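First listed ligand is number 1; within each ligand, the first listed atom is number 1. Computed from heavy atoms alone, side chains included, the values below leave out hydrogens, waters and symmetry copies. Bear in mind the structure is a predicted one, so any value in this text is a computation, not a measurement.
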Amino acid sequence: MFITSSKNEIFNHSKKVKSQGKKVSLVPTMGALHQGHLELIKTAQQHSDEVIASIFINPTQFSANEDFNTYPKSLERDLELLNKTGCNAVFTPTEQEIYPNGKPEAKNIVPAEIANILCGNSRPHFFHGVWIVVSRLFEATEPNIAIFGEKDYQQLFAIKYMTRLKKLGIEIIGAPIIRESDGLAMSSRNAYLNEAEREIAPLLHKELKKISSNLKENTNYKQLIKNSKDYLLENGFDNIDYLEIRDSNNLEELNEYRDSARIFAAAFLGKTRLIDNIGTN
Ligand code: AMP
């Protein structure tokens with residue numbers, strides 16, 4: 001497995017592979033890898049000949065009061081897991097390599113209809129920061145394909161939009177959410193949960209499933225959502241950031257059933273913010 005922190009080296013590596021008529025895919029991550037990340041690598045392998053993973057904790061997508069400094073890191077273990085999974089190359093840039101002229105300001109880039117809803121409402125910088133870093137990772141690797149998890153559905157949506165808008169010619173593939181056996185969506189941030197919180201955490205997915213299975217028969221969406229919010233708050237969650245039903249094709253809020261309906265949630269357990277989403281079919 002080829003490992004480099006250099007933009008030039010990964011660019012040349014990708015160029016060389018493509019010149020052999022092979023397809024290159026990119027799997028961007030922030031490290032602290034779990035099975036969810038490794039499934040993205042496997043999806044990438046199914047769609048391309050050469051898989052490049054990137055590991056970079058991107059400062060522009062964190063605001064000052066968030067967990068940039070404490071975000072879990074396990075580079076050695078990550079490299080071992082990637083190697084075992086058959087990943088071909090890993091790009092592990094420094095902040096200087098990605099932002100040689102300093103960090104750009106993460107605002108006024110992504111259209112408000114995408115950047116200000118759902119996660120963007122409480123994290124107004126987030127999608128601008130993601131847009132910036134993914135642009136740079138795309139420039140550094142010029143992949144044919146890039147894989148993103150549906151766990152961060154709004155992020156996947158934003159990147160698909162960016163790729164279309166900039167006519168990058170990169171195929172964006174979404175991969176399904178990988179969960180623990182009790183339903184909790186895998187996340188590097190799950191490591192922040194203490195034992196008691198970890199027991200409560202799967203209730204989020206349970207409630208999403210409950211809404212999903214009641215959606216077709218129940219037209220009173222507001223009541224369905226209120227019932228689930230109340231249940232989560234009564235059973236240990238500290239705050240519900242959002243719990244909303246939207247159209248998975250355009251992220252418009254829905255008041256009536258459609259096959260494309262998707263339920264999105266973000267909720268706090270102590271200081272840990274969990275996100276999840278689920279389709280209705
Ligand atoms: P992160 O390292 O958290 O920035 O995530 C890197 C990529 O892995 C993103 O495309 C995420 O959507 C994806 N990902 C993270 N957790 C999961 C999961 N449980 N299932 C599927 N994809 C995931």
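L156 has its side chain within reach of I172: a pair of non-hydrogen atoms, C-beta onward, lies under 4.5 Å apart. Contact of the F91 side chain with the I98 side chain is registered, since non-hydrogen atoms from C-beta on lie closer than 4.5 Å. Between E95 and K103, the closest side-chain pair of non-hydrogen atoms falls below 4.5 Å. For the pair Y242 and N121, the minimum side-chain heavy-atom distance is 4.5 Å or more.
Residue R273 forms a side-chain hydrogen bond (donor to acceptor under 3.5 Å, both in side chains) with just one option from N239, D67, D241, and that option is D241.
Scanning the protein heavy atoms around atom 10 (O) of ligand 1, the nearest turns out to be G149 N, 2.9 Å. For atom 16 (N) of ligand 1, the nearest protein heavy atom (residue, atom name, distance) is H34 CE1, 3.2 Å. In this structure, the protein non-hydrogen atom closest to atom 5 (O) of ligand 1 is H37 NE2, 3.5 Å. Taking atom 20 (N) of ligand 1 as the reference point, the nearest protein heavy-atom neighbour is I178 N, 2.9 Å. For atom 8 (O) of ligand 1, the closest non-hydrogen atom on the protein side is L40 CD1, 3.2 Å.
Using a 4.0 Å cut-off between charged side-chain N and carboxylate O, E139 and K7 make no salt bridge. With respect to E97 and R136, no salt bridge is recorded, no charged nitrogen being found less than 4.0 Å from a carboxylate O.
In this comparison of Q61, E39, M30, E150, the heavy atom closest to atom 4 (O) of ligand 1 sits on M30. In this structure, of R179, Q155, R189, the residue bringing a heavy atom nearest to atom 9 (C) of ligand 1 is Q155. Nearest-residue assignment for atom 11 (C) of ligand 1 (options L33, D152, I177; heavy-atom criterion): D152.
The atoms of ligand 1 that sit less than 4.0 Å from any heavy atom of M186 are 16 (N), 17 (C), 18 (C), 19 (N). Within ligand 1, the atoms closer than 4.0 Å to a non-hydrogen atom of T29 are 2 (O), 6 (C), numbered from 1 in the order shown. Listed by number with element, the atoms of ligand 1 under 4.0 Å from a non-hydrogen atom of F148 are 10 (O). The atoms of ligand 1 that sit less than 4.0 Å from any heavy atom of K151 are 16 (N), 17 (C), 18 (C), 23 (C).
At least one heavy atom of P28 lies less than 4.0 angstrom from ligand 1.
No donor-acceptor distance shorter than 3.5 angstrom exists from the side chain of T163 to the backbone of L168, with no hydrogens or angles considered. Not a single donor-acceptor pair under 3.5 Å links the side chain of E234 to the backbone N or O of Y231.
Side-chain contact check for S135 and K166: at least one donor-acceptor pair (N or O, by modelled atom type) lies under 3.5 Å.
Contact annotation: for V27 versus ligand 1, there are no heavy atoms closer than 4.0 Å. At a 4.0 Å heavy-atom cut-off, ligand 1 touches P176 through the backbone alone.
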